[in-house]
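Beneath this line is the structure, given in structure tokens, with notes to follow.
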There are 2 protein chains.
Amino acid sequence: MSNHEWHAMNTSKIVRQRGRPPAFDHDEALNKAMHVFWSHGYEGSSMAALTAAMGINKPSLYGAFGGKEELFRKVVQKYLAGPVAYIGEALSEPTAYRVVEKLLTMSAEFLTHDQNPRGCMVIQGALTCGEGAELIQQELRARRSAYEDGLQQRFERARAEDDLPADESPAELAKYVATIHQGMSVQATSGASKGELLEVVGRVLKHWPVVERGGAGASQPQVLESSA
Amino acid sequence: MSNHEWHAMNTSKIVRQRGRPPAFDHDEALNKAMHVFWSHGYEGSSMAALTAAMGINKPSLYGAFGGKEELFRKVVQKYLAGPVAYIGEALSEPTAYRVVEKLLTMSAEFLTHDQNPRGCMVIQGALTCGEGAELIQQELRARRSAYEDGLQQRFERARAEDDLPADESPAELAKYVATIHQGMSVQATSGASKGELLEVVGRVLKHWPVVERGGAGASQPQVLESSA
DNA sequence: ATATTAATTTACCAATCGGTACATATAAAC
DNA sequence: GTTTATATGTACCGATTGGTAAATTAATAT
């Protein structure tokens with residue numbers, strides 16, 4: 001069993017090992033690597049840039065993470081479980097409207113947050129690439145597809161709960177929301193502000209399909225008003 | 001005056017030159033280069049891949065186009081004047097609704113056309129990059145900004161012509177349409193079909209703001225129905 | 001024919017790419 | 001202490017990166 005595999009199956013478990021202990025914090029180094037990949041994409045991040053940011057040298061990186069490609073996959077896992085965990089939270093909102101409202105509003109915040117590199121790593125990490133990165137490109141595409149599937153399933157549930165009109169297609173709504181989300185990522189990378197993204201979100205929410213309930217229109221959602 | 005500069009100012013002008021004539025077609029080679037850059041992005045396209053596709057060797061490429069970066073800039077110009085010239089045509093449609101309808105409908109076709117690499121080169125050519133490509137990244141960002149400005153100006157004209165409600169912001173609408181467009185590009189690269197993109201476009205058009213004209217609602221635009 | 005001009009081919013450049021061999025350093029186990 | 005196991009630093013690997021020097025080839029001008 002190689003060293004980085006041992007690390008993978010023993011995250012944060014304190015086991016007395018013999019041999020020289022690592023001189024760096026595994027999780028912290030992974031965060032530094034995430035920042036580099038997030039900023040420059042997979043191919044745009046050189047081993048030199050990664051090791052410099054992580055504060056370790058190449059043999060240590062190989063021992064602990066197994067090379068550039070495996071490091072990137074571990075970074076993606078951490079990214080999904082950390083910075084974009086809000087997506088899973090949004091999906092558990094009680095209504096489809098609230099799901100989209102929370103998802104896109106938090107995305108507008110997330111994509112333009114000062115501490116974060118602009119844009120989403122899963123969307124932009126390897127949209128285009130050379131001949132050596134097709135597997136990474138494929139991996140990220142699969143992640144985006146899984147995200148869209150999650151949205152679709154949530155909207156199917158919403159329709160079953162009479163929370164979406166019966167003539168609305170969950171798959172089509174999911175692709176619509178994913179398209180908006182991905183466009184917002186490109187916009188953030190291009191310099192769009194949080195306020196500008198929130199205006200886009202507001203327009204999406206203003207026309208979000210809701211079922212007409214009898215009587216007063218009290219269930220009509222509030223229109224999100226944002227500061228430009 | 002270097003050779004590639006001579007080429008730049010003498011496009012398609014037949015002048016008897018002395019010296020050995022080029023063995024390749026300038027414009028055709030540029031098209032081949034466009035296809036490579038379009039498929040793999042700026043950094044993902046190596047000189048080896050470019051020269052192989054163009055059917056020339058490196059010194060010829062340097063002589064005719066001035067290096068990788070200048071070649072890419074020339075490719076972008078050709079891309080704007082050729083494959084995506086439909087954008088300019090869309091802007092001259094008579095109403096804002098028709099502008100967006102034509103722009104996004106043709107984009108759905110364009111982004112998924114069998115003969116084209118998936119996605120838009122200006123959007124995805126250098127969204128993320130390493131340390132040597134920031135200038136190209138900046139150039140493409142400026143192109144996207146110019147595109148959005150064009151949309152905004154068109155919507156300003158539309159509002160002046162009472163073709164958009166007075167309380168709609170042209171800048172906000174432009175960013176909204178650009179966000180949709182850029183999201184569609186990511187979707188196309190991820191494998192979305194023309195029909196799926198047209199469904200997204202249909203949803204955008206269904207809620208496009210139009211001025212309420214007196215009397216019957218005859219001026220209400222037809223909803224675009226697409227085949228999935 | 002000869003000179004001139006320019007595009008071709010071949011071979012090469014230094015720098016960087018991701019990845020490793022190897023010796024050394026540092027811990028626990030005995 | 002000695003042994004064993006792991007991490008570190010240095011120095012290196014072949015391959016590829018974008019870019020050229022120099023010789024050759026092919027055209028026109030005289």
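Per chain, numbering begins at 1; letters A, B, ... match sequence-line order. The figures that follow rest on heavy atoms only: side chains count, while hydrogens, waters and symmetry mates do not. Computed from a predicted structure; not experimentally measured.
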Test salt bridge (Lys or Arg N to Asp or Glu O under 4.0 Å) applied to A:E139 and A:R143, step by step:
CA-CA 6 Å; A:E139 149 117 20; A:R143 299 286 186 182; 3.1 Å; yes
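- A donor-acceptor pair shorter than 3.5 Å cannot be found between the side chains of B:H40 and A:T128.
- Between the CZ atom of A:R20 and the C1' atom of D:dA7 there is a distance of 5 Å, rounded to whole Å.
- A salt bridge does not link B:E28 with B:K32: every distance from a Lys NZ or Arg NE/NH1/NH2 to an Asp or Glu carboxylate oxygen is 4.0 Å or more.
- At the phosphate of D:dG9, OP1 or OP2 sits under 4.0 Å from a side-chain N or O atom of A:N57.
- Rounded to whole Å, the distance from CG on A:L61 to P on D:dT6 is 19 Å.
- In this structure, B:F24 places its CZ atom 15 Å from C1' of D:dA26, rounding to the nearest Å.
- The stretch residues 34-46 of chain B comes close to DNA chain D through B:S45, B:S46, each having a heavy atom under 4.0 Å from the strand.
- In this structure, B:L71 places its CG atom 16 Å from P of D:dT17, rounding to the nearest Å.
- A salt bridge links A:E168 with B:R203; the closest basic N to acidic carboxylate O contact falls under 4.0 Å.
- Residue contacts for A:P59: at a heavy-atom cut-off of 4.0 Å it reaches a base atom on one of the strands shown.
- Residues meeting the side-chain hydrogen bond (donor to acceptor under 3.5 Å, both in side chains) test with A:K175, sequence neighbours left out: A:E148, B:Q187.
- Separating the NZ atom of B:K68 from the P atom of D:dT17 is a distance of 9 Å, rounded to the nearest angstrom.
- We find that CD of B:E69 is positioned 18 Å from P of D:dT17, with the value rounded to whole Å.
- Residues forming a side-chain hydrogen bond (donor to acceptor under 3.5 Å, both in side chains) with A:R154 (at least two apart in sequence, or on another chain): none.
- Atom CD1 of B:I56 is separated from atom C1' of C:dT8 by 11 Å (rounded to the nearest Å).
- The B:P21 side chain lies nearest to D:dA27 when the options are D:dA7, C:dT20, D:dA27.
- Neither side chain, A:T189 nor A:R118, offers a donor N or O lying under 3.5 Å from an acceptor on the other.
- The nearest whole Å value for the distance from the CD atom in B:E131 to the P atom in D:dG18 is 16 Å.
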